[in-house]
Number of protein chains: 2
Amino acid sequence: MIDEAAPKPRRLRNIAELAKLAGVSAGTVSRALAGKGLVRAETRERIQALAREHGFRPNQMASGLRTGQTGVIGIAIPLGHEQGQHISDPFFMSLLGNLADTLVDRGYDIILRKCLPNQDPDWLDRLTVSGMVDGVLLIGQSDQFETIERVAASYLPLVVWGTYRQNQTHCAVGTDSFAGGQLAANHLLSSGKQRIVFLGDTRGLEIERRLAGARAALEAAQAPHWMEHYAVPLSADQMAEAIGSALEVMDPRTDAIFAASDLIAMTAIRLLHERNRSVPGDIAVIGFDDLPVAEQTTPQLTTIKQDVANGARAMASCLMRRMRGETVPSQTMPARLILRGSA
Amino acid sequence: MIDEAAPKPRRLRNIAELAKLAGVSAGTVSRALAGKGLVRAETRERIQALAREHGFRPNQMASGLRTGQTGVIGIAIPLGHEQGQHISDPFFMSLLGNLADTLVDRGYDIILRKCLPNQDPDWLDRLTVSGMVDGVLLIGQSDQFETIERVAASYLPLVVWGTYRQNQTHCAVGTDSFAGGQLAANHLLSSGKQRIVFLGDTRGLEIERRLAGARAALEAAQAPHWMEHYAVPLSADQMAEAIGSALEVMDPRTDAIFAASDLIAMTAIRLLHERNRSVPGDIAVIGFDDLPVAEQTTPQLTTIKQDVANGARAMASCLMRRMRGETVPSQTMPARLILRGSA
DNA sequence: ATGAAAGCGCTAACAA
DNA sequence: TTGTTAGCGCTTTCAT
């Protein structure tokens, strides 16, 4: 049998080949595929049908190069002081998932990058000037405030999840950590707790604000009370150990723990159980984040909720506007107390 | 003051501008920046210093277009039958984190994409022929086995996390789900449990194999026993409801639950507690995945461990070899029983 | 409505 | 060792 009938659907390599097949010029194909109205409807549909049939899609690299737009947003997770090599923080993961959703809805692709500022001081520039992205989202400030400020001074389409400081250059979207800390401490105080231990690594700006908020609440309250503070790493394996030793070292009269994250809170609850200390009877535990798993613990976790869904949308919308050249101010999302069983 | 002293560090837009600044040609700059040995050491270092000083980096789009290599790997999460719009499954997230680590180590960037096959049958081709990626990793097969097979037939650099079926074309790396199911069921049987309920959506290939393995184990055992099966969605909000109603409907003599994931297991344990059924006394619960949180529940979760770290490394290494043109076979990672308190 | 041609920024073959 | 040049695949004036 002669292969005259076979349409020979060899993979089309570029617009020119499709153009030859359609008997038109490359320019026309480009216009047709872009769906612009500058092509006769009949021609456009014929070309689109042909493209579909051959599974052809214009090369995004070439089009990006030509137009100066890539259709890609870079999302970077800076791991400065954090010990672990892994992107493990479930809150960050949840934020990432929400960002992915909202960016996809807006037609953007995502380049995901884990950055290690200690090994590469240029981590942020590397992304912004790579030519691969139209804008950059940072999940967390880590301990890189200065670097972010420097880059933001000359690179507009950059939005960061984290804390806003007076007069900072870069656009930050984040939960009101200070208010969240106040909320947590006030709740503990109003349950009659007075001796609070804070568990978290305050080298992270947000964590530091949570502690500051709690301290402020204690000072505002007219009662005998105090607060201790122990640093706890974010990486899963070292966390339990650090919390365990904090539990050993801390004042035995401690009657409440304010954990900088739900993960820390959950681990603390487990370790307290192992030591036969009841929660919240002996020691109340309050977390931060309100991860989905906060409902799954026993007792269920009382915590300060960060609204990731709205946070992600806010970040995306700020970024879009900055990509258009607008200078958008930072934005703070409210923190909310979620009352469950642990405090 | 005249600005003669100011080095006027205007942003360099391309290699040509840097070349002019260095008094060499664009070609030389390109070679110098690539670190190749075809440039006099002194010249190379001078150029590199200049680039560093001005924060210049070659445009990756242009270089990608020219070389046909992008240095980017696409990671796609297909959500076919899954209801939720969100990339929420913590096991997938954990795999993603590990993949990110190992790919970064190999010098690759990652394009992350959430795919909705029901809304876009071309979801996979869109990524493979975009020209944006050197290879593609799929996190899960969802219900897209046929589509993956079709694409894999003509696109070599594709590796999928999931199940291997006899004679399949595409390269799959995954835990031995069948063996994992056997392991789980045999453990329950050996603890004297006989009436097992399986909780999970068997439209996912891996889930289906876990159930099949458990069934096989039951049949192999010479004992009176049976197994029921209830579908449970992956999305967090609907999961609890589905499990709750399963708990209502199921045979009251049920003495064990085999959950298709740790998340399902944790939710089941919580709901059982709420109904005053003790775990594992009244009902044993065994999970699947061994997420970090499996240690945090009360009681701690007995589960079947999937080795994500090695799984991610295996996927990456298979992909690299396929990108070099080798045809690499599928790979199955062993499942392991992790004994804790819940079963 | 369509074609021709220039050029986005880079790399690599070829020349010198 | 370095410079020159062609061209990766696309979009977009400018002509027609």
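Labels below follow one simple rule: chain letters A, B, ... track the order of the sequence lines, proteins then strands, and each chain is numbered from 1. Values in this document were obtained by computation on a predicted structure and should not be read as measured data.
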[X] [atom1] - [N] [atom2] separation (whole Å):
| X | N | atom1 | atom2 | value |
| --- | --- | --- | --- | --- |
| A/Q69 | D/dT12 | CD | P | 10 Å |
| B/L12 | C/dC8 | CG | C1' | 17 Å |
| A/M61 | D/dT11 | CE | P | 14 Å |
| B/I15 | D/dT2 | CD1 | C1' | 14 Å |
| A/R44 | C/dT2 | CZ | P | 10 Å |
| A/I47 | D/dC10 | CD1 | P | 13 Å |
| B/R11 | C/dG9 | CZ | P | 14 Å |
| A/R57 | D/dG9 | CZ | C1' | 16 Å |

Could you walk me through whether B/L50 and B/L18 satisfy the side-chain contact (heavy atoms from CB on, under 4.5 Å) test, starting with their C-alpha distance in whole Å, then the side-chain angles of each, then the deciding distance to 0.1 Å, before giving a yes or no? CA-CA 8 Å; B/L50 226 40; B/L18 178 51; 3.8 Å; yes
Side chain of [X] (C-beta onward), nearest among [options]:
| X | options | value |
| --- | --- | --- |
| B/P58 | D/dT2, D/dC10, C/dC10 | C/dC10 |
| B/R66 | D/dC10, C/dT11, D/dG3 | C/dT11 |
| B/L38 | D/dT11, D/dT2, C/dT2 | D/dT2 |
| B/R31 | C/dA6, D/dG3, C/dC10 | D/dG3 |

Closest non-hydrogen contact found for A/P329 with A/C171 is O-SG, 3.7 Å
Exercise. Would you please say whether a donor-acceptor pair under 3.5 Å links the side chains of A/T163 and A/E206?
Key: no
Under 3.5 Å, is there a donor-acceptor pair between the B/W123 and B/Q144 side chains? yes
Result for 5'-nearest mapping on DNA chain C, choosing between B/K36 and A/G23, is A/G23
Can you tell me if [X] touches the phosphate of [N], counting only side-chain N or O atoms and a distance under 4.0 Å to OP1 or OP2?
| X | N | result |
| --- | --- | --- |
| B/S30 | C/dT11 | yes |
| B/T67 | C/dC10 | no |
| A/N59 | D/dG9 | no |
| B/T28 | D/dT2 | no |

- Can we say B/D125 and A/R57 salt-bridge, meaning some charged N sits less than 4.0 Å from an Asp/Glu carboxylate O? no
By nearest-heavy-atom nucleotide on DNA chain D, the more 5' of A/A34 and B/A62 is B/A62
* Using a heavy-atom cut-off of under 4.0 Å over every strand shown, decide if A/L65 touches base, sugar-phosphate, or nothing. => base
